[in-house]
Amino acid sequence: KPIGIFKFGNEKKSFSGSFAFFIVAFIVSLLFLLPMAEKSIFIKICFAGIIALISSLTELLSSKGLDNFTIPLSVLGNLYVLIILL
């Protein structure tokens, strides 16, 4: 059962769902970033955290159906910026 249901715009969201999305996004991001040999583990964890945070916020702000486009675009844009900065 969802914990902490709140309304954001026209959408009903839950804290537990948003938290689960963040955790899964963090784990998946970290798994894909681990093979980057030239970066330290600290940088990889930070990248994964930033990617998870941005994608979670994008999921929170996106309406149903649009998140299938906005989440991947936000992650790609995020990766582009992070790679340029480092």
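A 4.5 Å side-chain heavy-atom check between Ile54 and Val75 finds every atom pair outside the cut-off.
Atom CG in Leu57 sits 10.5 Å away from atom CD1 in Ile71 (nearest 0.5 Å). The line from CG of Leu61 to OG of Ser56 is 10.5 Å long, rounded to the nearest 0.5 Å. Atom OG of Ser40 is separated from atom CD1 of Ile45 by 8.5 Å, given to the nearest 0.5 angstrom.
Residues satisfying the side chain to side chain donor-acceptor pair (under 3.5 Å) test with Ser74, not counting sequence neighbours, are Thr58. Judged as a side chain to side chain donor-acceptor pair (under 3.5 Å), and not counting sequence neighbours, the contacts of Ser62 are Thr70. Every residue was checked against the side chain to side chain donor-acceptor pair (under 3.5 Å) condition with Ser18, not counting sequence neighbours, and none meets it.
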Please list, one pair per line, the donor and acceptor atoms closer than 3.5 Å that link side chains of residues 20-36 to other protein atoms, with sequence neighbours excluded.
from: Ser29; atom 1: OG; to: Ala25; atom 2: O; distance (Å): 2.7

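Within the structure, salt bridge (Lys or Arg N to Asp or Glu O under 4.0 Å) pairs that include any residue of residues 43-60 comprise Lys13-Glu59 (at least two apart or interchain). Pairs passing the salt bridge (Lys or Arg N to Asp or Glu O under 4.0 Å) check and including a residue from residues 15-34, sequence neighbours excluded, do not occur.
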